[in-house]
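Encoded as structure tokens, the structure appears first; notes follow it.
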Amino acid sequence: MIQINKLEKFFGQNEVLKNISFEVKQGEFLIVLGSSGAGKSTLLRCINGLVTPTSGEVLINDLKVNKRNIQRIRKKVGFIFQGFNVIGNLSVLHNVLIGRLAYKSPVNIFFSKEERKMAEEAIEIVGLKDKVNTRVDQLSGGQKQRVGIARVLVQNPEIILADEPVSSLDPVIGREILELLREINQQRRTTIICNLHQLEYAKTFGQRIVGVRNGTVQYDGIAKNIKDMDLLNIYGEKFLTNKIENNKLQTV
Ligand SMILES: Nc1ncnc2c1ncn2[C@@H]1O[C@H](COP(=O)(O)OP(=O)(O)O)[C@@H](O)[C@H]1O
Ligand SMILES: [Mg+2]
């Protein structure tokens, strides 16, 4: 469903992605794991066309991700942000309706009754039914991320990209958000690629992990098969220091 072929990205002289290739199948829940600066966000942004690769390509159902196809890509691919990207002075409902904009022309931004109903359904799925008309700036971080997820659901995406969706949240709430994403993946068969830097979450929630370090793939396999050696390759010395200090595998 998603093919990443020899993807390279330079920012100036800085080579941030180095010849990355892998495929993602329909319905997978894939975790991209790596330290801060490894290239996870850049990789995810190449998949929905927010960043243009220097060379190589991304294909979604055989359609190349580029400027010309961007409208079609954006309908299929939803994006969830670490910082939620919600609009504080708008209600939950209006924030979620923004997810329908990919389906609008610039001259028609009116929302139909059906779209309103879709938004209400999405809000119910993420557990905010009693907050439909609440201003988003009155919500907690976890609730804001639920709004971000509902906004993606009304897009009816085939793919959800989540860029460290729980990094701004405490661990209990973070877990709830990842559980919600897992439910969406299982119930709707939506393909999910989720960037994380926390190993514990990756092991709990990932079926498959792609481990990235300095813009290269260091591990690509089943989450539960990941070994200390692979983690050393992904995290470098930080992994060792951390393991020695804590004598267990924790967030690196
Ligand atoms: N727009 C940009 N311009 C210049 N450098 C960037 C830009 N985005 C990311 N980088 C650099 O690319 C590297 C990888 O960043 P990023 O993809 O955000 O990693 P991660 O998400 O794993 O923390 C970092 O060195 C970062 O400074
Ligand atoms: Mg990032």
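We count ligands from 1, going down the list as the structure has it; atoms in each ligand are counted the same way. The basis for the numbers below is simple: all heavy atoms, side chains too, and nothing from hydrogens, waters or symmetry mates.
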- Message: I'd like to know if atom 26 (C) of ligand 1 has any protein heavy atom within a distance of less than 4.0 Å.
- Response: no
- Would you say Arg116 has more than 12 foreign heavy atoms packed within less than 6.0 Å of its CZ? no
- With a 4.0 Å cut-off, would you call Asp163 and Lys40 a salt bridge? no
- Check ligand 1 against Asn14 and write out every atom of the ligand that is under 4.0 Å from a heavy-atom position of the residue. 25 (O)
- Message: Under a 4.0 Å threshold between the charged nitrogen and the carboxylate oxygen, would Lys18 count as salt-bridged to Glu8?
- Response: no
- Side chain, backbone, both or neither: the part of Asn195 lying under 4.0 Å from ligand 1 by heavy atom: neither
- Say whether Ser21 and Asn5, considering side chains only, have a donor N or O and an acceptor N or O under 3.5 Å apart. no
- Near Ser41 (heavy-atom distance under 4.0 Å), the atoms of ligand 1 are 17 (O), 18 (O), 20 (P), 21 (O)
- Query: Which atoms from ligand 1 have a heavy atom of Ala38 less than 4.0 Å away?
  - Reply: 19 (O), 20 (P), 22 (O)
- Checking heavy-atom distances from atom 17 (O) of ligand 1 to each of Thr42, Val32, Val16, the winner is Thr42
- Do Asp163 and ligand 1 have an N or O pair less than 3.5 Å apart? no
- Query: How far is atom 8 (N) of ligand 1 from its nearest protein heavy atom, and which residue and atom name does that atom have?
  - Reply: Phe11 CE1, 3.4 Å
- Verify the neighbour count for atom CD of Gln71: are there more than 12 heavy atoms of other residues, nucleotides or ligands below 6.0 Å? no
- Distance from atom 19 (O) of ligand 1 to nearest protein heavy atom, with residue and atom: Gly39 N, 3.1 Å
- What residue and atom, counting heavy atoms only, is the protein's closest point to atom 23 (O) of ligand 1, and at what distance? Gly37 N, 2.6 Å
- The atoms of ligand 1 lying under 4.0 Å from a heavy atom of Ser35, numbered in the order shown, are 22 (O)
- Query: What are the two closest non-hydrogen atoms of Ala223 and Ala202, and how far apart are they?
  - Reply: CB-O, 4.2 Å
- Query: Which atoms from ligand 1 have a heavy atom of Ser36 less than 4.0 Å away?
  - Reply: 23 (O)
- Lys/Arg-Asp/Glu bridge criterion (N-O < 4.0 Å) met for Glu179, Arg175: no
- Task: State whether Arg146 and Glu176 are salt-bridged, where the test is any N-O pair (Lys NZ or Arg NE/NH1/NH2 against Asp/Glu carboxylate O) under 4.0 Å.
- Result: yes
- Query: At what distance, to the nearest 0.5 angstrom, does OH of Tyr201 lie from CD of Glu164?
  - Reply: 11.0 Å
- Whether Ser41 has an N, O or S atom under 2.8 Å from the Mg ion (ligand 2): yes
